[in-house]
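Notes follow the structure.
Throughout, a chain's letter reflects where its sequence line sits, starting with A, and its residues are numbered from 1. Values reported hereafter were calculated over all heavy atoms of this structure, with side chains retained and with hydrogens, waters and symmetry mates removed.
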There are 2 protein chains.
Amino acid sequence: MGITKTELFTTQQNELALIAKAFAHPARIAILQYLVKSKSCINGTLVQELGLAQATISQHLRELKEIGLIQGSIEGVSVSYCINPEKWEQVQGLFNGLFDELNNSCDSDSCC
Amino acid sequence: MGITKTELFTTQQNELALIAKAFAHPARIAILQYLVKSKSCINGTLVQELGLAQATISQHLRELKEIGLIQGSIEGVSVSYCINPEKWEQVQGLFNGLFDELNNSCDSDSCC
DNA sequence: TTTAATCATCGTAATATTGCAATATAATTA
DNA sequence: TAATTATATTGCAATATTACGATGATTAAA
């Protein structure tokens, strides 16, 4: 019926899928890269940079914020977002864990 | 109107988003992990393992195959899938590239 | 306090994804 | 050839995502 059966999977699998979903849109990738590059940004700047409507950017920012990848602090009229280093590290760990699973089980070209 | 504006983003951003989308479902993560663990698998085995309907598994396998993460070879009545090492390496490269962007621009705790 | 500026939220339309039953396809076996 | 086995495809219903205009909330300046 169109709803993901999370109960069938492990916490790690569900967690990884959620984070991957955050990366699964080019606008959110672009936002993260811009955040990294400029160390902080505001919604308005991103509207110029990306070419999407202000409401759309705001929505993408919220998704990134909801899973903890970024955090925002009010600066006068605007809001300054930045990467959350702890979460970012955790994300790297999860992905690297997945990648290592293959690299270890598949030492040479003997695989597949 | 609900359709991703890919033309606004770079090829790398779109590519990364597509791959992330493949990871953005726990069933597909589970399939990849099972493939890695058992070095090969068939649709039927996965139905037992995951508890989703055969049609659903087949659909997830197709998505993974379409972006090149896995490849299947016919073995009699069944089909044996396995990881595509080249693509897997490319995927790692893309993600590590993204991760490195932050790690380099953010040497210490001076960030954020 | 009005005005302007900036970001968030709401409501809605278009599109995409998820899951499964039913059915189709392909290969092996009787 | 007919039956069996294993996977793929189709069609559909439920749900989720994407995008944006309109509107709301908040802060700074006039």
Checklist entry - Taking the side chain of Thr56(A) as its heavy atoms from C-beta onward, which of dA19(D), dT18(C), dT9(D) lies nearest to it? => result dA19(D)

Checklist entry - Looking at DNA chain D, which of residues 41-54 of chain A put a heavy atom within less than 4.0 Å of it? => result Leu52(A), Ala53(A)

Next on the checklist: When you measure from the side-chain N and O atoms of Tyr81(A) to the phosphate of dT6(C), is any distance below 4.0 Å, counting only OP1 and OP2?
Outcome noted: no

Checklist entry - At under 4.0 Å, does any side-chain N or O of Lys21(A) touch on OP1 or OP2 of dA16(D)? => result no

Checklist entry - Listed in order of residue number, which residues of residues 7-15 of chain A have a non-hydrogen atom at under 4.0 Å from DNA chain C? => result none

Checklist entry - dT17(C) phosphate, OP1 or OP2: any side-chain N/O from His60(B) under 4.0 angstrom? => result no

Checklist entry - So does Ser58(B) get a side-chain nitrogen or oxygen closer than 4.0 Å to the phosphate oxygens (OP1/OP2) of dA8(D)? => result yes

Item to check | Reading 5' to 3' through nucleotides 25-30 of chain D, protein heavy-atom contacts under 4.0 Å coded B for base, S for sugar-phosphate only, - for none | outcome: --BS--

Checklist entry - Taking the side chain of Leu61(B) as heavy atoms from C-beta outward, which of dA8(D), dT18(C), dA16(D) is closest to it? => result dA8(D)

Checklist entry - Under 4.0 Å between a side-chain N/O of Arg62(A) and OP1 or OP2 of dT9(C), yes or no? => result yes

Checklist outcome for this item: Regarding the side chain of Lys5(B), the nearest nucleotide among dA19(D), dA6(D), dG21(D) is dA19(D)

Item to check | Pairwise 5' ranking along DNA chain C for Val79(A) and Ala24(B), keeping only the more 5' one | outcome: Val79(A)

Checklist entry - Below 4.0 angstrom from OP1 or OP2 of dT18(D), is there any side-chain N or O of Arg28(A)? => result yes

